Amino acid sequence: MSPKTLYDKIWDAHVAHEADDGTCLLYIDRHLVHEVTSPQAFEGLRIAGRKVRAPEKTIAVPDHNVPTTAGREDPKNMTEDSAIQVAALDKNAKDFGIHYYPVSDVRQGIVHIVGPEQGWTLPGMTVVCGDSHTATHGAFGALAHGIGTSEVEHVLATQTLIQKKSKNMKVEITGKLRPGVTAKDITLSVIGETGTAGGTGYVIEYCGEAIRDLSMEGRMTVCNMAIEGGARAGLIAPDEKTFEYVKGRPHAPKGAQFEAALAWWKTLFSDDDAYWDKVITIKGEDIAPVVTWGTSPEDVLPITANVPSADDFEGGKVGAAQRSLDYMGLTPGTPLSDIEIDTVFIGSCTNGRIEDLRAAAEILKGKKIKVKRAMVVPGSGLVRAQAEEEGLADIFKEAGFEWRLAGCSMCLAMNPDQLAEDERCASTSNRNFEGRQGYKGRTHLVSPGMAAAAAITGKLTDVRELM
Amino acid sequence: MDKFETLTGIAAPMPLVNIDTDMIIPKQFLKTIKRSGLGANLFDEMRFDRQGNEIPDFVLNQDAYRSAEILVAGDNFGCGSSREHAPWAIKDFGIRCVISTSFADIFYNNCFKNGILPIALPQEAVDVLMKDAEKGANARMTIDLENQTVTTSDGESFSFEVDAFKKHCLLEGLDDIGLTMEKAASIDTFEAQASQARPWV
Ligand code: SF4
């Protein structure tokens with residue numbers, strides 16, 4: 001048998017039909033659904049008189065649009081258009097018989113945090129969702145990617161996706177990370193290296209010692225941002241940490257089924273002599289705590305660097321860099337650590353898990369914030385409950401953070417959690433696009449520890465100085 | 001779905017690289033549960049100020065380009081989120097074809113589901129097309145999907161690549177779901193086999 005990559009193996013196990021030109025129907029094991037990209041898909045099914053083919057493999061949770069403040073079970077406490085989308089999801093979940101976690105359920109949260117937490121995401125699966133950060137689930141060795149609403153409708157109706165195979169890219173992070181450097185710094189540094197289009201046409205497998213050393217939470221952070229690098233999906237081969245994480249989760253297999261599953265999961269790795277279309281190697285010890293200075297996730301620099309000038313770039317990027325600098329209100333040559341911050345946001349499917357909250361709380365313990373506003377939005381109700389149990393919530397509150405209910409919140413600012421014009425934010429989310437966190441809001445992407453450090457000093461800060 | 005065969009129209013130049021889906025349609029317009037009507041808010045934060053007045057510098061606010069049907073854009077167009085509201089807004093505005101050096105994967109696929117043709121060409125070709133687009137309303141480009149060519153107002157022609165299946169669906173205006181449902185037997189067989197091999201799924 002010819003050697004295969006992990007991607008090849010999962011792909012081959014899910015092809016339901018292949019046409020002569022290589023166009024495949026890829027069978028989908030898990031379909032995650034949220035309120036913003038699904039209403040038109042369900043409407044399409046109704047108009048065509050179609051059913052959901054595999055409701056037992058379809059899971060819905062409202063997250064993008066929901067308020068993160070108390071009393072949100074009452075639609076009167078939502079803006080009208082949010083309430084309409086949430087009501088539509090309530091109704092669609094009921095009418096089509098799919099699994100559902102309403103806002104009143106403690107298990108509700110960001111779809112990419114709920115899936116793994118509930119054991120819906122398992123190694124070797126195909127997972128899709130009408131959201132680009134579906135890549136997160138790749139941390140389990142699941143082939144997971146975002147799809148548009150027409151494709152959501154296609155999966156609902158047929159449990160398959162029309163796909164052509166992508167190319168294989170290996171991103172190896174060798175050796176150990178230095179203290180203060182996290183999964184977020186890895187994933188941002190990779191994008192800084194490849195650019196936001198560097199992964200276009202590829203599925204990335206992250207490997208190497210530094211990736212192996214990460215917890216499942218950290219691995220999810222790395223895979224989450226594969227999409228920012230342009231890749232269709234990110235993958236990490238499952239190992240003992242993965243199996244340990246999965247075991248005992250509500251929807252994970254039990255007993256003999258678990259053993260059978262485990263036997264297969266253990267075959268899910270890239271063969272030694274597998275073919276890679278592209279290979280990138282980064283030394284773990286070369287990665288520093290990083291921040292973004294511009295309005296593209298590729299605008300990454302170590303916190304010890306200075307704001308660049310547009311002349312530092314080439315081609316179309318010159319104009320884009322100038323536009324970014326103007327938008328961000330930054331002067332070339334300014335040390336990044338001199339940039340003053342108004343708001344700190346800790347949360348999102350990139351960094352809204354328990355480990356992220358622990359990392360931030362560690363820095364914040366016994367300190368007070370110097371920024372105008374700081375907010376923690378746990379990734380799920382269960383993360384929130386655990387953080388309260390561990391005393392993290394008290395640390396955040398005593399430091400001056402708002403302690404919110406679970407949701408996407410200021411990651412995309414569809415609900416009232418938004419930046420004001422020109423407000424500058426250190427954010428643990430994944431996108432620093434113009435207007436992403438609020439009209440004319442300015443976003444610097446950072447790790448949870450760096451976000452906490454910025455909250456205390458009021459400036460972008462090298463977290464290592466506070467450790 | 002609407003067919004796409006040939007198109008001759010005004011092309012608007014947007015040389016900016018990394019035009020992301022948040023620029024194409026900001027999130028406040030994602031709260032709709034419909035597909036229609038989003039053209040009014042295409043590129044909203046670049047096109048209008050906070051009071052809703054047009055920003056005169058923005059290309060689609062210039063008289064020459066108000067009825068553009070083609071967009072020539074910088075590298076990595078459509079990066080960012082999976083929101084199909086982006087192609088919905090583009091289509092609703094009246095744009096049926098976007099030309100760039102590269103596209104983000106999900107956006108690229110979403111275009112085909114909505115009767116929009118995304119064309120990826122090498123930098124040199126996009127440079128020529130960008131220049132042509134800058135000539136304004138008198139310069140009309142022609143896109144011929146069957147023959148896979150883009151022709152400038154001066155008659156200079158470039159060939160482009162497109163996946164045969166996607167091309168077929170666009171030319172015929174075919175609905176993916178209907179096509180896949182014709183293969184229901186293969187899906188049934190796969191499902192039966194998979195539930196034996198991986199009963200825990
Ligand atoms: S947290 Fe942000 S990136 Fe993640 S699913 Fe929500 S909006 Fe998307």
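Keep in mind the model is a prediction, meaning the values are calculated, not measured. Numbers restart at 1 for each chain; the letters A, B, ... are given by sequence-line order, proteins then strands.
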Trainee: Given the options Leu122(A), Leu412(A), Asp21(A), Asn430(A), which has more heavy-atom pairs under 4.5 Å with chain B than any of the others?
Mentor: Leu412(A)
Trainee: Would you name the heavy atoms of Gly435(A) and Glu45(B) that are closest together and state the gap between them?
Mentor: CA-OE1, 3.8 Å
Trainee: Under 4.5 Å, counting heavy-atom pairs only, tell me which of Ala88(A), Ser38(A), Ala13(A) racks up the most with chain B.
Mentor: Ala13(A)
Trainee: Tell me the closest heavy-atom pair linking Lys27(B) and Ala413(A), and the distance in Å.
Mentor: CE-O, 3.6 Å
Trainee: Give, as side chain, backbone, both or neither, the part of Ala19(A) having an atom under 4.5 angstrom from any heavy atom of chain B.
Mentor: neither
Trainee: Of the non-hydrogen atoms in Gln40(A) and Lys34(B), which two are nearest, and what is the gap between them?
Mentor: NE2-O, 2.7 Å
Trainee: Would you check if there is a donor-acceptor pair between the side chains of Glu84(B) and Ser150(A) at a distance under 3.5 Å?
Mentor: yes
Trainee: Can you tell me how far apart CG (Asp49(B)) and OH (Tyr439(A)) are? Round to the nearest 0.5 Å.
Mentor: 6.5 Å
Trainee: Given the rule in the salt bridge (charged side-chain N to carboxylate O under 4.0 Å, His left out) test, do Arg431(A) and Asp22(B) qualify, once you have shown the distances and angles that lead to the verdict?
Mentor: CA-CA 10 Å; Arg431(A) 288 195 175 132; Asp22(B) 286 65; 5.1 Å; no
Trainee: Who wins among Lys317(A), Glu43(A), Glu153(A), Met125(A) for the most heavy-atom pairs under 4.5 Å with chain B?
Mentor: Glu153(A)
Trainee: With a 4.5 Å limit on heavy-atom distance, are the side chains of Val201(B) and Arg30(A) in contact?
Mentor: yes
Trainee: Can you tell which part of Thr160(A) gets under 4.5 Å to a heavy atom of chain B, answering side chain, backbone, both or neither?
Mentor: side chain
Trainee: Measure the spacing between OG1 of Thr23(A) and NZ of Lys166(B) and express it to the nearest 0.5 Å.
Mentor: 7.5 Å
Trainee: Could you look at Phe103(B) and say if it's the side chain, the backbone, both or neither that has a heavy atom under 4.5 Å from chain A?
Mentor: backbone
Trainee: So, Gln85(A) side chain and Leu30(B) main chain: donor-acceptor pair closer than 3.5 Å or not?
Mentor: yes
Trainee: In terms of heavy-atom proximity below 4.5 Å to chain A, should Pro199(B) be classed as side chain, backbone, both, or neither?
Mentor: both
Trainee: Whether the side chain of Arg83(B) engages the backbone of Asp131(A) through a donor-acceptor N/O pair (distance < 3.5 Å, no angle test) should be reported.
Mentor: no
Trainee: For the candidates Pro297(A), Gly195(A), Ala260(A), Gly319(A), which exhibits the highest count of non-hydrogen atom pairs separated by less than 4.5 Å from chain B?
Mentor: Ala260(A)
Trainee: Among His85(B), Gln28(B), Met23(B), Arg50(B), single out the residue with the greatest number of heavy-atom pairs under 4.5 Å to chain A.
Mentor: Arg50(B)
Trainee: Side chain, backbone, both or neither: which part of Glu228(A) has a non-hydrogen atom closer than 4.5 Å to chain B?
Mentor: neither
Trainee: Considering non-hydrogen atoms only, spot the tightest contact between Pro253(A) and Trp200(B) and give its length.
Mentor: CB-CB, 3.6 Å
Trainee: May I ask you to name which of Thr37(A), Ile84(A), Thr158(A), Thr134(A) has the most heavy-atom pairs under 4.5 Å with chain B?
Mentor: Thr158(A)
Trainee: Can you tell me which of Asp75(B), Thr21(B), Thr32(B), Leu179(B) forms the most heavy-atom pairs within a distance under 4.5 Å of chain A?
Mentor: Thr32(B)
Trainee: For Met414(A), does its backbone N or O pair with a side-chain atom of Lys31(B) as donor and acceptor, under 3.5 Å?
Mentor: yes
Trainee: What part of Thr79(A) is in contact with chain B, defined as an atom under 4.5 angstrom from a non-hydrogen atom: side chain, backbone, both or neither?
Mentor: side chain
Trainee: Tell me, out of Lys57(A), Glu56(A), Arg436(A), who's got the most heavy-atom pairs with chain B below 4.5 Å.
Mentor: Arg436(A)
Trainee: Measure distances from Val15(A) to the heavy atoms of chain B and classify the residue's part below 4.5 Å as side chain, backbone, both or neither.
Mentor: backbone
Trainee: Closest heavy-atom contact between Ser132(A) and Ser82(B)?
Mentor: N-OG, 3.6 Å
Trainee: What is the distance from atom CH2 of Trp264(A) to atom CZ of Arg198(B), rounded to the nearest 0.5 Å?
Mentor: 4.5 Å
Trainee: Please classify the contact of His14(A) with chain B as side chain, backbone, both or neither, using a heavy-atom distance under 4.5 Å.
Mentor: both
Trainee: Does the side chain of Asn18(B) pick up a donor-acceptor pair with the side chain of Glu298(A) at under 3.5 Å?
Mentor: yes
Trainee: What part of Arg35(B) gets within 4.5 angstrom of chain A, counting heavy atoms only: side chain, backbone, both, or neither?
Mentor: both
Trainee: Quick one: which residues of residues 180-192 of chain B reach chain A at under 4.5 angstrom, heavy atoms only?
Mentor: Thr180(B), Met181(B), Lys183(B), Ser186(B), Ile187(B), Asp188(B), Phe190(B), Glu191(B)
Trainee: Is it the side chain or the backbone of Ala41(A) that comes within 4.5 Å of chain B heavy atoms, both, or neither?
Mentor: backbone
Trainee: Count the heavy-atom pairs under 4.5 Å between each of Ala104(B), Gly74(B), Ala164(B), Ser81(B) and chain A, then report the option with the highest count.
Mentor: Ser81(B)
Trainee: Which region of Ile33(B), side chain (C-beta onward) or backbone (N, CA, C, O), has a non-hydrogen atom less than 4.5 Å from a non-hydrogen atom of chain A, or is it both or neither?
Mentor: both
Trainee: Can you tell me which of Asn110(B), Asp20(B), Asp163(B), Asp105(B) forms the most heavy-atom pairs within a distance under 4.5 Å of chain A?
Mentor: Asp20(B)
Trainee: Would you give the length of the straight line joining atom CG of Asn76(B) to atom OG1 of Thr200(A), rounded to the nearest 0.5 angstrom?
Mentor: 5.5 Å
Trainee: Could you pull out the closest heavy-atom pair between Ala320(A) and Val17(B), with the gap in Å?
Mentor: CB-CG2, 3.5 Å
Trainee: Tell me, for Lys254(A) versus chain B, whether the close heavy atoms (under 4.5 Å) come from the side chain, the backbone, both or neither.
Mentor: neither
